[in-house]
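Following: one structure in structure tokens, then a few remarks.
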Amino acid sequence: MPFIPHTDTDIARMLQRAGISDISQLFDEIPVDLKIDGLEAIGPALSEAEIAQLMQQRARADGEPLCFMGAGAYEHYIPAAVWDIATRGEFYSAYTPYQAEASQGTLQVIYEFQTMIASLNGLDVSNASLYDGATAFAEACLMAVRANRKSKSKKILVSRLLSPVFRSVATTILQGQRIELVELPIRNGQTDIAALKNFVDEDFAAVAIQNPSFLGTLEDVDTLTDWAHEHGALVIGITNPMSLALLKAPGQWGTAGADIACGEGQPMGIPLSSGGPYVGYLVCRKAIMRQMPGRIVGRTVDIEGKPGFTLTLQAREQHIRRSKATSNICTNQGLIATAATIYMSLMGAEGLRQVAHSCNANTHMLVDALCALPGISQPFDTPLFHEGVVQLDRPVAGFLMELSRQGILGGYDLSADYPELGHALLVCATEQRSAADIASYVAAAGAALEVAV
Amino acid sequence: MPFIPHTDTDIARMLQRAGISDISQLFDEIPVDLKIDGLEAIGPALSEAEIAQLMQQRARADGEPLCFMGAGAYEHYIPAAVWDIATRGEFYSAYTPYQAEASQGTLQVIYEFQTMIASLNGLDVSNASLYDGATAFAEACLMAVRANRKSKSKKILVSRLLSPVFRSVATTILQGQRIELVELPIRNGQTDIAALKNFVDEDFAAVAIQNPSFLGTLEDVDTLTDWAHEHGALVIGITNPMSLALLKAPGQWGTAGADIACGEGQPMGIPLSSGGPYVGYLVCRKAIMRQMPGRIVGRTVDIEGKPGFTLTLQAREQHIRRSKATSNICTNQGLIATAATIYMSLMGAEGLRQVAHSCNANTHMLVDALCALPGISQPFDTPLFHEGVVQLDRPVAGFLMELSRQGILGGYDLSADYPELGHALLVCATEQRSAADIASYVAAAGAALEVAV
Amino acid sequence: MSEPLIFEYQSVSRQGFVARSASESRLPADALRTDEPVLPRASELEVVRHFTRLSQLNFSIDTQFYPLGSCTMKYNPRICNRLAMLPQFLLRHPLGGVEHGQGYLQTMFELQEMLQVVTGMEAVSLTPMAGAQGEFAGVAMIQAYHAAQGDTERTQIIVPDAAHGTNPATATMCGCDVVEIFTGVDGDIDLEALRAVVGPQTAGIMLTNPSTLGVFERQIQEIAAIVHEAGGLLYYDGANLNAILGKTLPGDMGFDVIHMNLHKTFSTPHGGGGPGSGAVGVSKRLKPFLPVPFIQKKGDLYVWATEESCPQSIGRLSAFMGNSGVLLRAYIYMRMLGGQGMERVSDFAVLNANYLLHALQEAGFEIAFPERRATHEFIVSLKKEMRDTGVNAMDFAKALLDHGFHAPTTYFPTLVPECLLIEPTETESQHALDGFVAAMISIRKQAYTDPDKVKEAPLTLPVRRLDDVRAAKQPDLIWQPAENNTENTTAGS
Amino acid sequence: MSEPLIFEYQSVSRQGFVARSASESRLPADALRTDEPVLPRASELEVVRHFTRLSQLNFSIDTQFYPLGSCTMKYNPRICNRLAMLPQFLLRHPLGGVEHGQGYLQTMFELQEMLQVVTGMEAVSLTPMAGAQGEFAGVAMIQAYHAAQGDTERTQIIVPDAAHGTNPATATMCGCDVVEIFTGVDGDIDLEALRAVVGPQTAGIMLTNPSTLGVFERQIQEIAAIVHEAGGLLYYDGANLNAILGKTLPGDMGFDVIHMNLHKTFSTPHGGGGPGSGAVGVSKRLKPFLPVPFIQKKGDLYVWATEESCPQSIGRLSAFMGNSGVLLRAYIYMRMLGGQGMERVSDFAVLNANYLLHALQEAGFEIAFPERRATHEFIVSLKKEMRDTGVNAMDFAKALLDHGFHAPTTYFPTLVPECLLIEPTETESQHALDGFVAAMISIRKQAYTDPDKVKEAPLTLPVRRLDDVRAAKQPDLIWQPAENNTENTTAGS
Ligand SMILES: Cc1ncc(COP(=O)(O)O)c(C=O)c1O
Ligand SMILES: Cc1ncc(COP(=O)(O)O)c(C=O)c1O
């Protein structure tokens with residue numbers, strides 16, 4: 001058995017000291033009729049060599065298709081240093097930094113994470129991470145309801161262009177507290193500003209805007225932000241940190257800026273890995289920080305006046321406030337935040353800009369080339385950031401299946417979430433896709449379209 | 001440019017301080033006609049993402065054949081912890097531990113390495129590593145010539161069953177000092193004990209015996225050792241550390257034991273990686289340790305009496321003794337010794353025994369199954385350790401090529417090194433080869449043999 | 001040793017990692033940001049050095065004994081990380097479709113099945129991303145169940161005083177009211193108190209068994225009967241599964257829903273605060289409500305179960321399917337243990353706890369529930385030491401750091417004064433436990449001879465005790481550039 | 001912090017990693033060992049913890065500035081390690097044949113070609129496993145060349161006094177006699193002295209340029225002429241290539257053979273003592289003697305050149321082809337630099353050295369060759385400080401450790417008294433250099449005010465100064481069990 005250090009001599013000595021003769025006695029407080037006979041159904045132990053062989057087989061079965069899928073998770077290049085360092089035992093196998101003096105490494109990293117994420121979003125305060133972008137949005141809604149002093153509303157006005165899964169997760173999480181998401185319609189690939197007039201008489205705790213939108217389009221964030229503030233609602237900005245290397249930060253939206261921003265930190269050095277672990281972030285203005293859920297690290301001094309870091313503002317948290325906490329979150333995504341911090345440190349502002357530019361250029365190249373094929377067109381020409389929608393002359397599913405046979409992951413089929421867009425497909429080419437990769441896609445797409453519908 | 005931190009401001013400040021206006025001035029002592037115009041032929045820089053892609057391509061081009069090749073390098077399972085820890089920056093990016101106080105980590109590891117290697121070989125003292133097994137053998141010969149007080153001979157009597165490349169490397173290295181290897185013939189897969197009588201009147205500095213031999217057979221080490229000692233020669237044992245989990249250690253050979261042992265440490269957690277970096281080891285009796293080449297770590301105390309580790313007996317080394325040193329070796333295989341130490345620590349004696357047993361059983365299974373095929377036979381039935389010779393009814397090269405087409409690395413063709421063995425092939429199945437792997441080999445071999453010669 | 005902030009470096013950050021030329025942007029000018037975000041300007045070496053040095057400032061399992069009660073800080077096998085990071089796993093897009101994921105999906109399916117076996121539940125969903133989210137899923141399922149029965153008055157969740165903070169917080173987050181009940185002197189729940197609070201308003205009860213007091217709730221069958229009779233359901237907080245693996249099943253105890261902290265029992269790393277996994281298991285009646293997605297087998301193919309096939313599901317809890325990488329690590333670990341290995345986990349987790357309890361008791365420390373068997377953890381109370389010397393549990397905790405041990409959990413559960421909740425786990429040797437006992441004895445000795453010295457601890461760590469009051473009163477939560485650091489923006493070329 | 005020896009643990013070592021059942025052994029009983037080798041009995045956690053803790057006791061590039069002269073301790077990019085450890089590279093058997101190695105062989109072939117370009121030599125063999133082995137190959141080739149000419153009297157190798165110890169040691173190992181010549185006051189070689197020693201007995205001269213004095217040998221062309229005219233050949237010790245990459249070529253200077261320390265200039269890790277690579281390059285006339293194997297291209301195929309195709313080769317230097325993994329790392333690094341990146345390496349290595357020299361000089365430290373340009377390294381002499389205060393170069397070195405800097409090389413080259421040979425490398429920032437200067441100033445200040453305190457350094461490291469005399473006089477080179485530790489041999493089951 002691989003992980004238990006006890007020798008027979010140890011066991012004998014320990015049993016004696018514990019005053020018993022047999023390990024099974026240690027379980028004698030379990031009622032007899034609840035005892036079981038072991039876990040044979042789990043099967044025999046595998047050696048390290050055997051499990052390695054098994055997992056390598058499984059991994060190979062998954063293949064390595066050429067990925068043109070974005071839709072909320074992006075294949076960016078991750079420098080080797082990021083995970084080499086993040087998986088060092090001292091980061092990897094530490095617990096939450098409750099004993100600050102023995103956790104200055106993790107605490108300082110998180111303080112640096114908070115700084116970078118807050119600054120990218122142009123706001124004052126960040127927490128130490130939430131589970132993922134979707135739950136961060138749900139927490140942002142809860143926080144907005146708590147924080148909005150002008151409104152008692154439990155409604156959030158949300159653009160239909162906010163990621164469908166973000167809306168779905170928020171619905172799950174908000175239902176207990178009867179908070180409701182009200183949908184703002186779309187038009188021409190953007191949130192329909194004209195439709196705002198239908199909501200002037202309703203009271204909202206917040207208006208939530210994703211920029212770039214789920215479809216990759218840029219929103220009129222200034223108008224939406226100002227409208228919300230005029231109507232007593234807070235503004236929640238949902239962002240992609242990679243885009244913030246180039247785009248205006250939520251803190252700069254409209255006249256006053258958004259109040260809360262959140263998003264998925266995956267693009268910052270986190271592998272796709274089937275959807276997680278990723279890292280959600282939540283940032284806000286200082287005025288409402290005591291409504292923030294989750295852990296927060298602060299800088300302070302020790303008894304000798306030396307700077308140091310510690311978990312702070314814990315009176316918001318479950319382990320202190322229990323049923324009155326701002327959230328039930330406890331374990332967060334510390335290690336992923338650590339990796340993201342290392343990634344952002346390696347890239348710097350200029351590095352992120354280069355990647356963002358390159359992704360953007362690649363996606364434009366792809367969209368342009370696809371739309372040059374007969375049977376593919378562009379449904380709208382709203383400016384986009386690194387994802388784009390194309391429209392097919394046939395159902396998307398079959399087309400994608402055809403590409404998949406050629407080892408290409410062709411993008412996200414929008415027809416279930418946005419039937420109003422017809423046979424619409426969301427494509428994305430990050431900096432990892434070369435011109436040759438894009439050409440392969442276009443060639444495969446051309447071939448797929450030649451098959452009769 | 002990826003690895004240079006200087007900003008333009010830094011550069012300006014630094015040039016100013018160095019009293020020059022331009023970096024090129026720093027090279028003004030190089031005669032003008034020696035200056036070159038850069039290194040355009042090297043080509044442009046690749047980004048990390050690009051080099052990653054390139055090397056992945058190259059790696060894939062090499063394939064992953066099923067390996068039944070031993071012949072001095074063995075595919076054993078390496079627990080993940082070994083290289084995870086060995087490549088930690090503090091081990092990976094440290095220099096030779098010249099500043100002992102700032103290198104206790106490396107020094108203690110090496111002390112532990114010395115202990116394990118010396119003990120496996122049943123001798124008193126080990127050095128901190130040599131380049132590889134072959135050069136360790138060459139150094140062992142040099143050392144034996146220096147250490148043998150009874151003999152002034154510059155001849156070493158070496159079994160023809162010692163690895164051909166070990167003999168070839170030693171020949172290269174010993175030629176300058178005119179030390180000569182004299183060959184002991186073989187018989188029935190073992191060193192021919194009867195042939196010793198032809199050498200009774202010759203003077204030898206040492207007799208060198210590899211056990212298990214290059215052909216995997218076990219030698220009569222006791223008789224050979226005693227014969228050597230009776231004739232005033234030292235005994236050099238060449239070992240495979242994995243075999244020493246089971247086999248008698250050189251220190252126990254014959255009546256008095258070998259004087260020096262050396263070998264290739266690769267089986268101790270070091271990947272095959274095209275032949276290196278591996279780790280040579282050299283161990284000896286205490287009486288002759290001052291003839292040892294290479295670094296040695298010793299335990300001592302600091303000025304407060306606390307135990308600590310330091311490089312010691314440095315008066316043997318090139319940086320102190322220059323032209324009178326025991327060897328020119330400086331950089332050794334420190335990191336590989338570190339990995340080997342971690343491997344041996346994880347396995348323990350029992351773990352090594354299990355692996356050794358398993359390899360042995362697998363090779364027997366393979367040899368037996370192959371010899372059951374028509375056209376394959378066993379040239380001798382000398383007991384073997386984890387490698388074995390089979391004889392074909394046709395040239396080995398064509399047979400191996402056939403297997404290679406089926407993704408099998410079928411073993412080492414002995415016909416060039418040992419023409420006297422006919423169409424002989426050396427095969428090896430380590431613990432990494434399953435029964436199914438072995439069956440694939442046998443099936444492929446059967447098919448290959450059906451092709452007419 | 002201390003390390004400047006990464007922002008204090010002023011070098012050219014690593015450039016040129018994106019060699020593919022980026023053509024001119026088509027982004028409209030008014031969409032662009034005009035300020036420079038506060039990101040580091042450090043070379044690759046500075047980044048590597050900075051974070052390597054920071055890592056060395058941490059205690060961790062890989063460097064110290066870490067007996068943090070309720071946290072199950074056991075060895076995280078390196079192979080689990082290695083295999084979970086195989087390139088195909090890392091590169092798999094979450095929306096990649098089942099044709100590019102049979103290896104992954106089969107693994108997840110088998111993990112669901114193994115978790116059913118170890119808990120005795122009917123079905124498992126892996127999607128919750130930590131224990132607290134598993135709790136959320138559980139309470140939401142309990143609510144959905146009552147709602148499906150048309151039973152709309154059940155708004156109360158009963159929670160023992162010893163419960164982990166996430167339990168009451170979760171109930172509130174779900175919109176329930178929390179009703180607290182107290183623990184009896186023997187560490188078991190007071191059945192009378194329970195009977196007094198159950199009723200038609202009872203949605204359910206949240207229990208940990210063994211409880212966070214480190215004892216097994218012996219009357220669990222009676223509790224189940226009381227709650228079920230009242231129409232409520234039972235939630236099992238599975239943080240403490242390490243104590244009962246292969247010994248007993250929450251399903252048999254009568255629980256309707258359970259979450260498991262895979263990052264505890266199944267040894268995925270805690271990463272300085274996460275990620276975790278709070279997979280949930282349910283009894284038959286809650287099966288329709290399981291959060292999506294989970295994995296089903298259709299013929300030879302592993303496929304997703306989603307909202308479409310599970311119309312009564314409480315819905316999604318994460319954008320994709322939770323912390324897949326954590327789930328892979330748990331799967332690998334479980335396969336390496338096998339069934340017998342799992343039994344040995346609880347054998348030795350419990351043996352270590354009981355041995356340590358006895359060793360500390362012999363050394364004169366007060367044990368909170370001396371008449372009970374310890375499970376995988378137990379509580380020491382330093383009430384007497386505090387009264388005699390003024391040295392409290394916090395001081396002991398800090399002094400332990402100076403002895404090279406991470407401190408146990410302090411002041412939780414709150415019902416035991418000056419408590420240390422100690423969980424050694426099965427992967428520690430007797431030698432490590434003996435070292436801990438020796439440190440405790442030595443600290444107590446110093447408490448009686450030189451209490452002020454103990455109150456000064458830690459002395460050997462990167463910082464001394466930190467001013468938490470100042471941290472909260474003058475929050476300094478992000479670094480701000482002292483002045484405008486634009487001087488160095490251009491790179492040496 | 002200190003850490004027991006791994007042998008002092010007494011646990012069950014990790015078992016069960018070889019689940020495949022081993023059938024009964026067919027080994028004859030008298031071949032078996034009867035004693036138990038002294039190997040650790042530690043659990044996997046104990047092993048991980050032990051070596052992780054040990055690693056933390058080291059200084060390294062990844063954690064400290066490490067200006068060790070003549071060692072070129074620059075940043076080792078993590079990606080080089082990652083890619084060199086791709087599974088196919090690790091699994092490739094050295095005898096695997098060219099059909100299972102085209103990727104690897106192409107890479108090695110291109111590395112040979114790149115090394116030809118950067119040195120200006122005609123051909124390269126990658127097989128030597130470190131600088132010293134490259135030197136061996138070089139001198140052996142020089143001998144083979146003379147022998148092939150029938151010129152059997154050339155037994156002398158000329159070596160300057162500033163040479164690295166491996167140079168004279170190598171010459172001896174090759175069976176040559178070493179003739180030492182002295183350095184002139186300006187750091188260049190004394191040409192008259194050279195002329196005086198060359199003759200028909202001269203096999204060759206071994207030079208480093210820039211020399212280990214940190215200055216460029218300006219008369220290299222005259223030296224080449226003198227030696228060549230005398231019938232000798234010139235050997236270039238390429239340890240200092242970092243100073244001249246893209247600026248000048250050893251081939252143009254007139255060298256016949258060169259070794260390169262890829263583990264210095266090309267940034268493969270030094271691993272606490274190795275592995276390295278001492279690839280050798282040769283001029284046309286030495287080409288036939290290159291050590292085998294090396295790689296040739298035949299049509300589209302990359303193949304080995306071996307003894308068969310190179311009958312005049314000096315032979316093999318390693319069982320296979322040297323330290324392939326190191327070579328892969330060097331190749332990756334070189335491709336990431338590209339031609340321009342290589343020029344920048346020497347630009348900034350030399351800029352850093354000259355800046356540091358001037359900063360230390362301004363601070364009042366004595367520079368060994370103040371009239372000369374520093375190359376990538378330079379020498380400070382602490383003669384004055386030693387005379388005034390008794391604090392010597394060794395004391396400065398130890399005190400630097402307390403300031404968080406690795407010490408420069410001390411007492412080498414031996415011709416400068418109380419010297420520090422300082423090589424900052426190009427990957428360090430101005431900030432790091434300034435920190436080093438500040439530390440030097442502060443140590444000197446303490447030397448003048450409280451010299452005994454400096455002599456006590458280091459105070460903050462895991463150990464204080466060690467008793468080297470005792471280490472050598474009472475050698476304790478392996479651990480021995482105090483008594484028979486058989487008590488714990490059986491595993492808990
Ligand atoms: C008893 C108990 N319940 C629940 C939790 C919450 O789990 P998580 O931190 O994964 O959200 C914890 C862990 O801290 C716990 O110990
Ligand atoms: C100038 C010089 N020559 C030769 C060597 C020897 O190289 P290696 O240590 O790789 O054998 C070194 C390195 O120590 C050196 O600095």
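Remember, it's a predicted structure, so these values are computed and weren't measured experimentally. Reminder, nothing fancy here: chain letters follow the sequence lines and each chain counts from 1. Both backbone and side-chain heavy atoms feed into the values below; hydrogens, waters and symmetry mates do not.
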If I measure from the heavy atoms of chain B, does [X] come under 4.5 Å with its side chain, its backbone, both, or neither?
{"X": "Met73(D)", "result": "side chain"}
{"X": "Cys174(D)", "result": "backbone"}
{"X": "Leu401(D)", "result": "side chain"}
{"X": "Leu68(D)", "result": "side chain"}
{"X": "Leu357(D)", "result": "neither"}
{"X": "Tyr104(D)", "result": "both"}
{"X": "Leu5(D)", "result": "both"}
{"X": "Ala171(D)", "result": "neither"}
{"X": "Pro475(D)", "result": "both"}
{"X": "Tyr75(D)", "result": "side chain"}

For the pair Tyr111(B) and Phe309(B), name the ring-plane relationship: parallel under 30°, tilted 30 to 60°, perpendicular over 60°.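 Aromatic pair Tyr111(B)/Phe309(B) classed tilted.
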Below 30° counts as parallel, above 60° as perpendicular, anything between as tilted: where do the rings of Trp479(D) and Phe7(D) land?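 The arrangement is parallel - the two ring planes meet at less than 30°.
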Tell me if the aromatic rings of His164(D) and Phe412(D) count as close, with their centers under 6.0 Å from one another.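 Yes, close enough.
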Side chain, backbone, both or neither: which part of Glu317(B) has a heavy atom under 4.5 Å from chain D?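 Neither part, no heavy atoms under 4.5 Å.
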Taking [options] one by one, which has the highest count of heavy-atom pairs under 4.5 Å against chain B?
{"options": "Thr427(D), Ile6(D), Val117(D), Val326(D)", "value": "Ile6(D)"}
{"options": "Asn352(D), Asp468(D), Val178(D)", "value": "Asn352(D)"}
{"options": "Pro37(D), Gly315(D), Pro275(D)", "value": "Pro275(D)"}
{"options": "Arg373(D), Gln430(D), Arg92(D)", "value": "Arg373(D)"}
{"options": "Arg82(D), Glu307(D), Glu428(D)", "value": "Glu428(D)"}
{"options": "Ala472(D), Gly276(D), Pro291(D)", "value": "Ala472(D)"}

Taking Arg464(D)'s backbone N and O only, do any of them form a donor-acceptor pair with Asp302(B)'s side chain (distance below 3.5 Å, no angle check)?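 At least one qualifying donor-acceptor pair exists.
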Side chains of [X] and [Y]: do they bring a donor and an acceptor to under 3.5 Å?
{"X": "Ser168(B)", "Y": "Thr171(B)", "result": "no"}
{"X": "Gln88(D)", "Y": "Arg60(B)", "result": "no"}
{"X": "Tyr131(B)", "Y": "Ser318(D)", "result": "no"}

Enumerate the residue pairs fulfilling salt bridge (charged side-chain N to carboxylate O under 4.0 Å, His left out) with a member in residues 89-105 of chain B, sequence neighbours excluded, ordered by first and then second residue.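 For residues 89-105 of chain B, and leaving out neighbouring residues, the salt bridge (charged side-chain N to carboxylate O under 4.0 Å, His left out) pairs sorted by first residue read Arg88(A)-Glu90(B), Arg88(B)-Glu90(B), Glu101(B)-Lys398(D).
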Let's go through Ser345(B) and Phe51(D) carefully: what are the C-alpha distance in whole Å and the side-chain angles of both, what is the deciding distance for side chain to side chain contact (heavy atoms under 4.5 Å, CB included) to 0.1 Å, and is it a yes or a no? CA-CA 10 Å; Ser345(B) 301; Phe51(D) 290 102; 3.5 Å; yes
Candidate pair Arg372(D) and Glu29(B), rule salt bridge (charged side-chain N to carboxylate O under 4.0 Å, His left out), full reasoning: CA-CA 8 Å; Arg372(D) 301 292 306 271; Glu29(B) 292 191 358; 2.7 Å; yes
Out of Val125(B), Asn332(B), Leu400(B), Ile23(B), which one racks up the most heavy-atom pairs below 4.5 Å with chain D?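 Max contact count across the listed options: Asn332(B).
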So which of Leu218(B), Asp28(B), Ile320(B) has the biggest tally of heavy-atom pairs under 4.5 Å with chain D?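 Most heavy-atom pairs under 4.5 Å with chain D: Asp28(B).
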Using side chain to side chain donor-acceptor pair (under 3.5 Å), reason through His50(D) and Glu3(D) one step at a time and then give a plain yes or no. CA-CA 7 Å; His50(D) 175 75; Glu3(D) 176 62 20; 2.9 Å; yes
How long is the straight-line distance from CD of Gln104(B) back to CG of Leu57(D), given to the nearest 0.5 Å?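 These two atoms lie 7.0 Å from each other.
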